[in-house]
Amino acid sequence: MREWTGMKRSGWKVIGAVSLSVGLVAGCGSQGSETASSSSPIPTSQETAKPKEPLKLSMMNMYYSAEPPKADNEAVKMIEAYTGAKLDITWVPNSAYNDKINATIAAGELPKIMMIASNKSPGIVNAVQSGMFWEIGPYLKDYPNLSKLNPLVLNNIAVDGKVYGIFRSRPVAREGVILRKDWLDAVGLSAPKTIDDFYNVVKAFATKDPDKNGKDDTFGMYEGRGMNGFQTFLAWYGGPNLYGVQDGKIVPDFMTKEYVDAMKLYKRMYDEKLINQDFAVVPGTKRQEAINQGKAGLIISTLDDVNAGFNDLVKANPNAVLDVVSRINGPKGERLMLYNGGYVGTYMFPKTSVKTEQELKQILGFMDKLADQKMQNLFEWGVEGKHFKIENGKPARTDGKAYETDINSVYQIRFDDGGMADAGEDMPIVKKYKQMFKENTPIAVANPAESFQSATLAEKGSEITKIVQDARIKFIMGTIDEAGWNQAVEQWKKSGGDKVIEEYTAQYAKQKK
């Protein structure tokens, strides 16, 4: 999935089993100084000193679990105790989150801290430009942890060159294939290294009875309506990351040959019934359920999701083994998309609920303290004696289910990169994907238009984007051919797309000077 689901622990088998120790590398500066340690106070000015009474903070955030976190969640209580805040959190399911944000803004009843998942959507950009949110860039230097936020990512979240939020840090080259290694062994294949290899694995998982139950009841790959795997396919074929540069112009990815090649791979797998036929309507969370239930052999996802969402797999098959694959060789070599500009969502602060600069500074003090080492260790490991123990001087997971219930269910609160959390006794698969994150950074393809704004997209984005999204589904399902696809692209251009290209290209040319 393209949202961070947290780092969960479970009892299923992976290659050598799994131990949790995220230590995410998202490019932030060093965070190991004493000034940012768990014992450090927040800035001691009058505006940011911890009040005698708890700082009452309302927040909106998302959750990925079946049920929202409980009101007495242990992690939230520990955060409150450490930061001196009293949190009132509105939890919204991830599938409905953007709609809830839009409805909340329209109603004008805003919490003091809003996690904005789609911070570059036209509606949010318009809200920023209309003055709805505080600009916080000038304040960041005054806080030990916030002052170390990656400048590149801050630039990516900026609107008109100004920073209006605190980004939730993510690795830059994060996506790949999560697959059933035991199924791979059962069909006599090795981990895929090329696009053809990948197709052959998907086909074998769907047609060669990988679970050996004598039934034709498996899909090779499972997909949801968000088509999480598409951008990864596009990277394999050599396409751009949402936008690319052609003849000095910024053009969208779907105007490239590589995009059509990626659609054709999807169509081939759909026609041959190698992927679930209802992919266009099922939610993305069903992908993990399909793995858990033994219905599918692989999904395209963020590699660290191997730690998340598969807690029921062992119940379906105690001998199940998961593995991860990142690099697939395509026409232009090995490539991955730079994941969401190095972040997923931002914390933003509405002026209607945060009415004074003094209150803003208090809230920024809370956010800064939320990234202290003690808080990073809480998110990373939980409570010693309950969720982990110390082995050889390092934390080691002891109760994954309790960690998931108590800590990981509220992981979306976290925004730091884990750089100050204690290193644990990583097991092989954790070491494997962490190493992939590091090694894959040089092959990550950036979006050249990441920081650009388009007035036309702000006005017509939903309308014209739907033209392409609908046509992509129709092409894969065979209701239109390539000529029909090209007609849809032309419709996008005539409906405002040409203007988007013009606006982005003007900003690109200005940036290049």
- For residues 385-395, pull every pair meeting side-chain hydrogen bond (donor to acceptor under 3.5 Å, both in side chains), keeping only residues two or more places apart or in separate chains. Glu74-Lys386, Lys386-Asp406, His387-Asp406, Lys389-Glu391

- What pairs meet the side-chain hydrogen bond (donor to acceptor under 3.5 Å, both in side chains) rule with one or both residues in residues 98-110, with sequence neighbours excluded? Asn98-Ser118

Non-hydrogen atoms of [X] and [Y] that approach each other most closely:
X: Ile157; Y: Gly165; answer: CD1-O, 3.4 Å
X: Ile166; Y: Ile136; answer: CG1-CD1, 3.6 Å
X: Ser454; Y: Tyr504; answer: CB-CE2, 3.7 Å
X: Trp134; Y: Tyr164; answer: O-CD2, 3.5 Å
X: Ala158; Y: Gly161; answer: CB-C, 4.0 Å
X: Asn126; Y: Ala458; answer: OD1-CB, 3.8 Å

Taking salt bridge (Lys or Arg N to Asp or Glu O under 4.0 Å) as the test, write out the residues that go with [X], two or more places apart.
X: Asp88; answer: none
X: Lys286; answer: Glu289
X: Asp253; answer: none
X: Glu384; answer: none

For the [atom1] atom of [X] and the [atom2] atom of [Y], what is their distance to the nearest 0.5 Å?
X: Tyr411; Y: Arg168; atom1: OH; atom2: CZ; value: 10.5 Å
X: Met337; Y: Ile443; atom1: CE; atom2: CD1; value: 11.5 Å
X: Phe452; Y: Gln507; atom1: CZ; atom2: CD; value: 6.0 Å
X: Gln376; Y: Asp422; atom1: CD; atom2: CG; value: 9.5 Å
X: Ile79; Y: Leu57; atom1: CD1; atom2: CG; value: 11.5 Å
X: Asp399; Y: Glu404; atom1: CG; atom2: CD; value: 10.5 Å

- Query: Can you pull the salt bridge (charged side-chain N to carboxylate O under 4.0 Å, His left out) pairs that have at least one residue in residues 339-351, sequence neighbours excluded?
  - Reply: none

- For Val128 and Lys162, run side chain to side chain contact (heavy atoms under 4.5 Å, CB included): C-alpha distance rounded to whole Å, both residues' side-chain angles, the deciding distance at 0.1 Å, then the answer. CA-CA 10 Å; Val128 167; Lys162 298 179 180 180; over 6 Å; no

Heavy-atom distance under 4.5 Å between the side chains of [X] and [Y], does that happen here?
X: Phe349; Y: Ile113; answer: yes
X: Leu338; Y: Glu450; answer: no
X: Thr346; Y: Phe415; answer: no
X: Tyr433; Y: Thr302; answer: no
X: Ile328; Y: Pro192; answer: yes

- Task: Any chance you could lay out the side chain to side chain contact (heavy atoms under 4.5 Å, CB included) test for Lys86 and Glu80, step after step, and finish with the verdict?
- Result: CA-CA 6 Å; Lys86 179 62 178 176; Glu80 290 178 330; 3.6 Å; yes

For residues [X] and [Y], is any side-chain donor paired with an opposing acceptor at under 3.5 Å?
X: Gln435; Y: Glu439; answer: yes
X: Asn61; Y: Tyr97; answer: no
X: Arg170; Y: Asn340; answer: no
X: Gln453; Y: Asp160; answer: no
X: Tyr339; Y: Asn241; answer: no
X: Asp372; Y: Tyr82; answer: yes

Just by distance, do the side chain of [X] and the backbone of [Y] share a donor-acceptor pair under 3.5 Å?
X: Ser353; Y: Pro111; value: yes
X: Arg335; Y: Ala444; value: no
X: Ser451; Y: Asn155; value: no
X: Tyr63; Y: Gln412; value: no
X: Asp368; Y: Leu146; value: yes
X: Glu175; Y: Leu303; value: no
X: Glu359; Y: Val354; value: no
X: Asp305; Y: Ser301; value: no

For [X], what residues pass the side-chain hydrogen bond (donor to acceptor under 3.5 Å, both in side chains) criterion, not counting sequence neighbours?
X: Gln469; value: none
X: Lys120; value: none
X: Asn156; value: none

- Message: Quick check with a 6.0 Å cut-off and a 45 degree axis cone: is Arg397 positioned over the face of Tyr403's six-membered ring?
- Response: yes

- Query: For Ser147, which residues count as a side-chain contact (heavy atoms from CB on, under 4.5 Å) partner, sequence neighbours excluded?
  - Reply: none

- Message: If the condition is ring-ring contact (aromatic ring centres under 6.0 Å, His included), which residues does Phe233 pass it with, not counting sequence neighbours?
- Response: Phe198, Trp236, Tyr266

- Message: Between Asn73 and Ser409, does the side-chain hydrogen bond (donor to acceptor under 3.5 Å, both in side chains) criterion hold? Intermediate values first, please.
- Response: CA-CA 9 Å; Asn73 180 273; Ser409 60; 3.2 Å; yes

- Task: Give the C-alpha distance, both sets of side-chain angles, the deciding distance and a yes or no for salt bridge (Lys or Arg N to Asp or Glu O under 4.0 Å) between Asp323 and Lys432.
- Result: CA-CA 9 Å; Asp323 196 9; Lys432 185 174 184 178; 2.9 Å; yes

- Message: Go through it in stages, so that I can follow the logic: the residues are Lys361 and Thr356, the test is side chain to side chain contact (heavy atoms under 4.5 Å, CB included), and I'd like the CA-CA distance, side-chain angles, deciding distance and then a yes or no.
- Response: CA-CA 9 Å; Lys361 289 181 177 181; Thr356 67; over 6 Å; no

- Dump the intermediate steps for side chain to side chain contact (heavy atoms under 4.5 Å, CB included) on Glu380 and Arg414, then the final yes or no. CA-CA 10 Å; Glu380 200 89 0; Arg414 186 178 194 177; 2.9 Å; yes

